[in-house]
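Presented below is the structure to which this report refers.
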Amino acid sequence: MRQGGCSFGLWKVAVDYDGQAVHRVRFVRTAPEGQVPVQFTMFLAGKGTGFSPLISSAVSGDSVYAKIYRAVSEIPYGETRSYGEIAKAVGTHPRVVGNAMARNPTPLIVPCHRVIAADGSPGGFSPDPEIKISLLQLEKNMLKRGFS
DNA sequence: GCGCCGATCATCA
DNA sequence: TGATGATCGGCGC
């Protein structure tokens, strides 16, 4: 298991991973020393649209949560879905989707920031909703500017 | 049009 | 077993 950190604006991203398997991602004020997979730095710099071939350990298994994480992973770069849409896709209730996002062990890889409330408002994000806004703006800008 | 309230269900303590 | 959510939709005003 390797550990690393990189910057995203005022926040840092701490990553626990093992080869292509990513076990945990979290936003922190101070990141641990070490390298992160190149996909993270590329994505956060607006030079990548995804994390392939990295896989999150959260999507394995057959629990409802794993299904939710898989469904969320299929949201394309720059697009959004509502909690209700995800819920319908996996056959559960929107509240459960919110619960799954709140406990998401690997944000970014499972793009929980692309899941917003049904009326278009951002909804919540841990530890800070501003991160969610920043990520959505980043993706929107990059689509518009053609990954400059 | 806006705000309140009840439904709903997988985890965790 | 009961409480708790990063919600949704309908109804009343």
Side-chain angles (χ1 to χ4, degrees), chain A residues 1 3-18 20-32 36-37 39-145 147:
Chain A
M1 169 107 87
Q3 227 180 122
C6 63
S7 296
F8 176 66
L10 297 176
W11 288 87
K12 311 272 189 218
V13 182
V15 186
D16 294 354
Y17 63 104
D18 195 358
Q20 294 182 349
V22 180
H23 302 294
R24 186 167 175 156
V25 177
R26 40 193 173 145
F27 289 92
V28 293
R29 288 298 189 183
T30 57
V36 298
Q39 285 86 355
F40 280 91
T41 51
M42 294 280 283
F43 185 91
L44 294 173
K47 294 181 179 175
T49 59
F51 291 88
S52 176
L54 298 181
I55 52 166
S56 165
S57 53
V59 302
S60 62
D62 205 28
S63 68
V64 175
Y65 272 31
K67 287 185 194 168
I68 293 174
Y69 294 136
R70 278 196 289 269
V72 172
S73 299
E74 287 169 10
I75 304 175
Y77 187 92
E79 291 189 27
T80 58
R81 296 288 185 276
S82 72
Y83 293 95
E85 285 177 300
I86 301 297
K88 203 195 291 184
V90 304
T92 186
H93 192 271
R95 204 74 189 251
V96 179
V97 177
N99 220 322
M101 294 304 98
R103 301 179 189 288
N104 184 7
T106 56
L108 293 180
I109 297 189
V110 175
C112 54
H113 57 281
R114 295 181 196 145
V115 183
I116 61 177
D119 63 358
S121 60
F125 196 83
S126 180
D128 192 329
E130 278 202 14
I131 298 174
K132 188 171 187 172
I133 310 287
S134 299
L135 287 169
L136 290 173
Q137 280 184 345
L138 169 73
E139 297 192 356
K140 213 157 103 183
N141 286 338
M142 289 310 123
L143 279 184
K144 197 173 177 181
R145 298 159 58 95
F147 302 96

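Within every chain, numbering begins at 1; the chains are lettered A, B, ... in the order of the sequence lines, protein sequences first and strands thereafter.
- By the side-chain hydrogen bond (donor to acceptor under 3.5 Å, both in side chains) test, Y17(A) is found to be paired with R2(A), residues two or more places apart in sequence or in another chain being considered.
- Near-neighbour residues of DNA chain C inside residues 114-123 of chain A, defined by a heavy atom below 4.0 Å, number-ordered: A117(A), A118(A).
- Between F125(A) and C112(A), the shortest heavy-atom contact is CE1-SG, 3.7 Å.
- Between Y77(A) and F43(A), the two ring planes are perpendicular [angle over 60°; tilted spans 30° to 60°].
- In the displayed structure, R70(A) atom CZ is contacted under 6.0 Å by more than 12 heavy atoms of other residues, nucleotides or ligands.
- Once you apply a 4.0 Å limit to the heavy atoms of chain A, the touched nucleotides of DNA chain C run 5' to 3' over dG5(C) to dC8(C).
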* Just the dot-bracket of DNA chain B, please: which string comes out with Watson-Crick or G-U pairs under 3.5 Å, [ ] for crossing, | for another strand? -> |||||||.|||||
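- Closest non-hydrogen pair, M101(A) versus V115(A), comes out as SD-CG2, 4.3 Å.
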* Take nucleotides 6-13 of chain B nucleotide by nucleotide from the 5' end and write B, S or -, depending on whether a protein heavy atom sits under 4.0 Å from the base, only from the sugar-phosphate, or from neither. => -BBBBSS-
* To do: Decide yes or no on side chain to side chain donor-acceptor pair (under 3.5 Å) for R95(A) and N99(A), but give the supporting numbers first.
  => CA-CA 6 Å; R95(A) 204 74 189 251; N99(A) 220 322; over 6 Å; no
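- The side-chain hydrogen bond (donor to acceptor under 3.5 Å, both in side chains) pairs that include a residue from residues 107-120 of chain A are H113(A)-E139(A), R114(A)-E139(A), D119(A)-S121(A), where partners are two or more places apart or lie in different chains.
- Under the 4.5 Å side-chain criterion, counting only non-hydrogen atoms from C-beta, T92(A) is not in contact with K67(A).
- With hydrogens and angles disregarded, no donor-acceptor distance shorter than 3.5 Å links the side chain of K47(A) to the backbone of T41(A).
- Side-chain atoms of Y65(A) and V96(A), non-hydrogen and from C-beta on, do get closer than 4.5 Å to each other.
- With contacts defined as side-chain heavy-atom distances shorter than 4.5 Å, the pair I109(A)/V59(A) does not qualify.
- Residues F40(A) and L108(A) have side chains in contact (heavy-atom distance under 4.5 Å, counting atoms from C-beta outward).
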